[in-house]
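Data block below; observations after.
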Amino acid sequence: MSSIQRLKGFQDVLPEDRQYWDYLMTKATDLARRYGFLRIDVPVLETNSLFERGVGTASDFFVKKEMYSIEEEDGEVVTMRPEFTAGLVRAYVQNGLHNWPQPVKLFTFGPIFRRERPQAGRFRQHSQFNCEIMGETDPMADLEVMLIAIGLYREIGYSDLTFQLNSIGCPVCKPGYLTALEAFLADHRENLSPTDRERLQRNPLRILDSKETGMEELLAGAPRTIDHLCDDCDSHFSELRRLLDVLEQSYTINHRLVRGIDYYTKTAFEVWDQRIGAQAALCGGGRYDGLAEAIGGPPTPGVGFGLGIERAVLGMKEEGLVPPAPPEPVVFVTHFSGETKVAAVKIASDLRGLGIGVRVAFAREKRSMKSQLREANKFPTRFAIIVGEDELAQGQVTVRSMAGGDQVQVPMADLGPWLQAAL
RNA sequence: GCGGGUGUAGCGUAGCGGUUAACGCGUCUGGUUGUGGCCCAGAAGACCGUGGGUUCGAAUCCCACCACUCGCCCCA
């Protein structure tokens, strides 16, 4: 057990699992394009201040403990992106996308990195599908990103998800809400667990999603964000709900769904699948009208979501959903080494040139036909091409049907067309 | 950082104090001369997570550590 091991919280995606990934990414790309989103890619590594400033001083927890950072020789600290949104907003500002026709709708895929303790559905490197709409305050934008998130799961065939929705206000109304919440919690201080008392100091909003026993009942009487919204946030939220209703998209108003950082505003939403364990959120999103400014850009509204690929795959497996298998070669070329091996290589190459997938038996020395056909049988082979000395002498090959075992002789020159007709 | 569970061949498991650690799947070879699947025969593959201890004897009991895993914390 001394061989080099994979890092904790990191994963190898083996071919079998990769099929799920490819399927999800194909579906997601297709769906996003149907809404007019454009693909963008941003670097994995960014200057640390992008995330420091984006995350805000209130939650320096991430910066200190959960980001992978390196100090360069010149003293600059660079960080493996722990999320997508900050980088996308940075790219929007830096490349002048605010001069494009607004809003700008972007999507991307890729890995993000967080040094967390791994558990079911949570890894230190995980991959996301992100969609963002920048430069638009209309609730229609909120609606569109939600529809993509929900639509993806629906088109893949998920049956048992819940769509959680809330509005957490903005810098105008959030302070008033926080005051009310803190007053309420102060009244119930004696009923709070030590963990929750700590939260009360650090980040009172987070008590709302506390898992401590008894909090369910206590929080039922807590003030709700949606009862403290300013006029702007309130009308935004009601219009969003009206649009969802018109589309008959069901949702659960979750008063305990929050975002811990200041630049998040108004809409917050998540898609849950209870069956994958404690990390039930398959997808989280919302509005971040304060982010562009926080990273030093012009004030720009934005809304979007991040959708975890690993969790989506876990969920697919729970649902019993199987991705379509990728195409595999159905032609297998066998030979008897020597000149026949050379001919086999040429034949395989010619067939591939015609767009036909082909495997050739690899053999340093002469290999028995039995072992070559056994190998062919391990794959979804439909035709085995036997290139032997006898055949070669007559300028033809034997084509064996793996289904029935019947064989025919085909002139080498006709093999391509013959197979194209047969496949 | 804090708890629970688990560590035996590539994978899934059995063995739970006594001799060369077993089974299934998988892998490889063979069952005459150039022919797969089924079947049959055989082979390779495990320092039984690591280190200590108890014992005449330990994969089996005890301790520690490590790894994996689930959960808490946190969750951009």
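These numbers were taken from a predicted model, which means no experiment stands behind them. Below, chains carry the letters A, B, ... as their sequence lines are ordered, and counting in each starts from 1.
In terms of heavy atoms, A:Phe336 sits closest to A:Gly388 at CD1-CA, 3.7 Å.
Dashed line: the shortest gap from a side-chain N or O of A:Arg374 to OP1 or OP2 of B:G37 is under 4.0 Å. The phosphate of B:C72 has OP1 or OP2 within less than 4.0 Å of a side-chain N or O from A:Lys211. Look at A:Gln119 and you'll find a side-chain N or O under 4.0 angstrom from OP1 or OP2 of B:C72. For A:Arg117 and B:C75, the shortest distance from a side-chain N or O to OP1 or OP2 is not below 4.0 Å.
At a threshold of 4.0 angstrom between heavy atoms, the contacts of A:Ile112 with the nucleic acid are absent. At a threshold of 4.0 angstrom between heavy atoms, the contacts of A:Tyr264 are confined to the sugar-phosphate backbone, with no base atom among them. Contacts of A:Ala278 with the nucleic acid, taken as non-hydrogen atoms under 4.0 Å apart, involve only primed sugar atoms and P, OP1 or OP2. At the heavy-atom level, A:Gln128 lies nowhere under 4.0 Å from the strands shown. A:Gln407 comes within 4.0 angstrom of a base, heavy atoms only. In this structure, A:Gly306 reaches neither bases nor backbone, as no heavy-atom distance under 4.0 Å exists between it and the strands shown. Residue contacts shown for A:Asp209 are absent, as no nucleic acid heavy atom lies under 4.0 Å away.
Comment: A:Asp232 engages A:Lys266 in a salt bridge, judged by a side-chain N to carboxylate O separation of less than 4.0 angstrom.
Within the shown strands, B:G71 is the pairing partner of B:C2 under the Watson-Crick or G-U definition, both distances less than 3.5 Å.
Formation of a donor-acceptor pair under 3.5 Å by the A:Arg367 side chain with backbone atoms of A:Phe362 is found in this model. In this structure, A:Asp142 contributes its side chain and A:Arg287 its backbone to no donor-acceptor pair below 3.5 Å.
The NZ-P distance, from A:Lys341 to B:G34, rounds to 18 Å in whole Å.
A:Gln279 contributes no side-chain N or O that forms a donor-acceptor pair with the base of B:G71 under 3.5 Å. The base of B:C75 lies outside donor-acceptor range of the side chain of A:Arg114, with no N or O pair under 3.5 Å.
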